Engineer: 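Input: one structure, supplied below.
Keep in mind the model is a prediction, meaning the values are calculated, not measured. Below, all heavy atoms of this structure are taken into account, side chains as well, without hydrogens, waters or symmetry copies.
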Amino acid sequence: MTTPATDDEAIAEFVGGFADDPYGFVLACYPWGEPGTPLEHETGPDDWQRDELIAIGNDVKARGFNGRDPVDPIRAAVASGHGIGKSAMVAWITDWIMSTRPNCKGTITAGTAPQLETKTWPELAKWT
């Protein structure tokens, strides 16, 4: 039998392996294709989401982030209509950052407070 600390350490080591790979994190940490889950009939992110996650990972690698010292921020914009998965992307990226960087802090903004309350926070809660 393992102790909770051992389980926590194993999870931290597993998740820490994705520090520069948000796409790998998203594939590994959500139940894609698992029967009985909301993702039962899904194989992974949509193509545009995959491409953005891979680009972010490449940018993290190019900046040489070592987990401690600041690097230039990654900036991206996605212009689109409603319901294509932008809020899911925000949730995945937030979950990836919070899971792979001990003691990290960040800010999430939106155009309005109701947008945060009705879209961003519920989506983050759903995926985390």
Engineer: Between Val90 and Ile56, is there a shared hydrophobic cluster once you connect ILVMFWY residues whose side-chain heavy atoms come closer than 4.5 Å?
Structural biologist: no
Engineer: Do Trp96 and Arg101 come close enough that some side-chain heavy atom pair is under 4.5 Å?
Structural biologist: yes
Engineer: Find the distance between CG (Asp46) and CD (Glu52) and round it off to the nearest 0.5 Å.
Structural biologist: 12.5 Å
Engineer: Compare all side-chain heavy atoms of Leu27 with those of Pro45 and state whether any distance is below 4.5 angstrom.
Structural biologist: yes
Engineer: Which residues satisfy the side-chain hydrogen bond (donor to acceptor under 3.5 Å, both in side chains) test with Asp72, sequence neighbours excluded?
Structural biologist: none
Engineer: Which pair of heavy atoms, one from Cys104 and one from Met98, lies closest together, and at what distance?
Structural biologist: SG-SD, 3.3 Å
Engineer: Would you say Trp48 ends up clustered with Ile93 if hydrophobic residues are merged whenever their side chains have heavy atoms under 4.5 Å apart, either directly or through other cluster members?
Structural biologist: yes
Engineer: Search all heavy atoms of Gln49 against all heavy atoms of Gly85 and return the closest pair with its distance.
Structural biologist: NE2-O, 3.1 Å
Engineer: Quick check: closest heavy atoms across Pro22 and Gly57, and the distance to 0.1 Å?
Structural biologist: CD-CA, 3.5 Å
Engineer: Just say parallel, tilted or perpendicular for the rings of Tyr30 and Phe25, cut-offs at 30° and 60°.
Structural biologist: perpendicular
Engineer: To the nearest 0.5 Å, what is the distance between OG1 (Thr109) and CG (Leu116)?
Structural biologist: 7.5 Å
Engineer: In sequence, state the C-alpha distance, the side-chain angles, and the governing distance for Thr94 and Trp127, and then conclude on side chain to side chain contact (heavy atoms under 4.5 Å, CB included).
Structural biologist: CA-CA 10 Å; Thr94 302; Trp127 287 98; over 6 Å; no
Engineer: Rounded to the nearest 0.5 Å, how far apart are NZ of Lys119 and OG1 of Thr112?
Structural biologist: 9.0 Å
Engineer: Linking I/L/V/M/F/W/Y whenever their side-chain heavy atoms sit closer than 4.5 Å, directly or via other members, would Val71 and Ile97 fall into one cluster?
Structural biologist: yes
Engineer: In Å, rounded to the nearest 0.5 Å, how long is the span from CH2 of Trp121 to OG1 of Thr128?
Structural biologist: 10.0 Å
Engineer: Locate the shortest heavy-atom distance separating Pro31 from Thr37; write the atom from each residue and the value.
Structural biologist: O-OG1, 3.5 Å
Engineer: Among residues at least two apart in sequence or on other chains, which ones pass ring-ring contact (aromatic ring centres under 6.0 Å, His included) with Phe18?
Structural biologist: Phe14
Engineer: If you define the side chain from C-beta out and look only at heavy atoms, does anything of Leu39 sit under 4.5 Å from Trp32?
Structural biologist: yes
Engineer: Nearest 0.5 angstrom please: Glu42 CD to Glu34 CD, how far?
Structural biologist: 13.5 Å
Engineer: Roughly how far, to the nearest 0.5 Å, is NZ of Lys86 from CE of Met89?
Structural biologist: 11.0 Å
Engineer: Less than 4.5 Å apart, any side-chain heavy atom of Arg50 and any of Val26?
Structural biologist: no
